[in-house]
Asker: 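The following block contains the structure, expressed as structure tokens.
Values in this document were obtained by computation on a predicted structure and should not be read as measured data. Whatever order the structure lists them in is the order used to number ligands and atoms, beginning at 1. Basis for what follows: all heavy atoms, side chains included, without hydrogens, waters or symmetry-related copies. The residues of the chain are indexed from 1 along the displayed sequence.
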Amino acid sequence: MSLRVYAPATIANLSVGFDLLGAALAPVDGSCLGDRLKAELTEKGISLACSGPWQHKLPVEAKENIVYQCAEHFLQQLGTAGKIGVKLELEKNLPVGSGLGSSASSVVAAFYALNELFERPFPSDRLMRMMGELEGRVSGSVHYDNVAPCFLGGLQLLLQSEKSFCASLPFFRDWFWVVAYSGISLSTAKMRALLPDSYSRADLIKYGRLLSGFIHATHSNDAELAVSLLQDVVAEPYRSSHIPGYTVAKKMLNELGALASGISGSGPTMFAVCKSRENADQVAAWLASNYLSQPGGFVKVCRISETGTHCI
Ligand code: HSE
């Protein structure tokens, strides 16, 4: 018994929802922007082989790989550790430390594949909790704004509730999301360390107004209002100067007519929201010529992906 899964790249925060909002991505050209994982039942032990364009950035020792650790954790929780084994093959397609939810993609792919392989022993909420916990080992703290959209697809809002983990928000289907990965790697833990320990009351209220207004705009299908509220008061002011080329690019994207732009997750990927394919292509061309700084950098014109992680 074996299966293969695909787990999409994600944009966390979306400017307005630090740690609370994230979207799954699907490139409009149909290309792959997410990790793939093959999982197979074996008699004993865990084995992991890695391939793909970014496998050279992963730990050499399999046990240090987060996917291996996900399998260990899953089998322990299932109570079958040592009694049954799994063979895993990870195709690492997302750059590490890119701001595109690379670690979430690997973690979600691993838990999703294992849960399917063992005929769904864990319900979604339990699975999501395990995903968040393991992803937190890589990023330095537990936050679900990559994990939730990667797992479930769409635009996900994280809730502070025992009843429901997250809520799927309606999204503007005619928007294009251009993402540009510059090619450098930034550690999420270090980018989080740049943020203040506490925020002023004025910032707290502004954050609440922006996020609640954005959610209202999605439910009332008011794109103009939504765009006007896509502002980041929590992370961008402290992170932007640590992302080479970001401030200049943001100014230029505005001049090119992008509706909004921001840092994807903790960077260095930046995203731009565009109202037409023509504008998205123009923005993408500018970013390709001016924002990419290292080999491996890329630009993709995307839509929000309705589909999260799934078997292929
Ligand atoms: N919300 C997180 C952050 C996403 O910005 O630190 C990064 O994984």
Asker: Between Glu133 and Arg129 (salt bridge meaning N to carboxylate O under 4.0 Å), is one present in this structure?
Answerer: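 Between Arg129 and Glu133 there is no salt bridge, as every charged N stays at least 4.0 Å from the carboxylate O atoms.
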Asker: Quick one: which of Phe172, Phe271, Phe171 gives a ring pair (Phe, Tyr, Trp, His ring centres under 6.0 Å) with Trp177?
Answerer: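 Single pass found, and it is Phe271.
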Asker: Identify, by atom number and element, the atoms of ligand 1 in contact range of Asn13, meaning under 4.0 Å from any of its heavy atoms.
Answerer: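 Heavy-atom distances to Asn13 below 4.0 Å select 1 (N), 2 (C), 3 (C), 5 (O).
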Asker: As a test of understanding, state which of Ser102, Ser105, Ser51 forms a side-chain hydrogen bond (donor to acceptor under 3.5 Å, both in side chains) with Lys92.
Answerer: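 So, applying the side-chain hydrogen bond (donor to acceptor under 3.5 Å, both in side chains) to Lys92 and each of Ser102, Ser105, Ser51, only Ser102 qualifies.
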Asker: Considering the heavy atoms of Thr188, write down every atom of ligand 1 situated less than 4.0 Å from one of them.
Answerer: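 Near Thr188, the atoms of ligand 1 are 7 (C), 8 (O).
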Asker: Heavy atoms only, cut-off 4.0 Å: how does Asp19 contact ligand 1, side chain, backbone, both, or neither?
Answerer: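 Both backbone and side chain.
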Asker: Do the side chains of Leu204 and Leu210 join up, straight or via other hydrophobic residues, at under 4.5 Å, putting them in one cluster?
Answerer: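 Shared cluster, no.
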Asker: Please verify whether a non-hydrogen atom of Glu236 lies at under 4.0 Å from ligand 1.
Answerer: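 Distance cut 4.0 Å: Glu236 fails for ligand 1.
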Asker: Check whether the side chains of Gln156 and Tyr144 place a donor and an acceptor atom closer than 3.5 Å, and report yes or no.
Answerer: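 There is no such pair between these side chains.
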Asker: From Ser305 OG over to His310 NE2, what is the distance, rounded to the nearest 0.5 angstrom?
Answerer: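 NE2 of His310 is found 7.5 Å from OG of Ser305.
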Asker: Are any of the N/O atoms on Glu135, whether in the backbone or the side chain, positioned under 3.5 angstrom from an N/O atom of ligand 1?
Answerer: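 No; the residue has no nitrogen or oxygen that sits under 3.5 Å from a nitrogen or oxygen of the ligand.
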Asker: So is Met191 touching ligand 1 or not, going by heavy atoms under 4.0 Å?
Answerer: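 Per 4.0 Å heavy-atom rule, Met191 does not contact ligand 1.
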Asker: Going by the order shown, which atoms of ligand 1 are within less than 4.0 Å of some heavy atom of Arg239?
Answerer: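 Those atoms are 3 (C), 5 (O), 6 (O).
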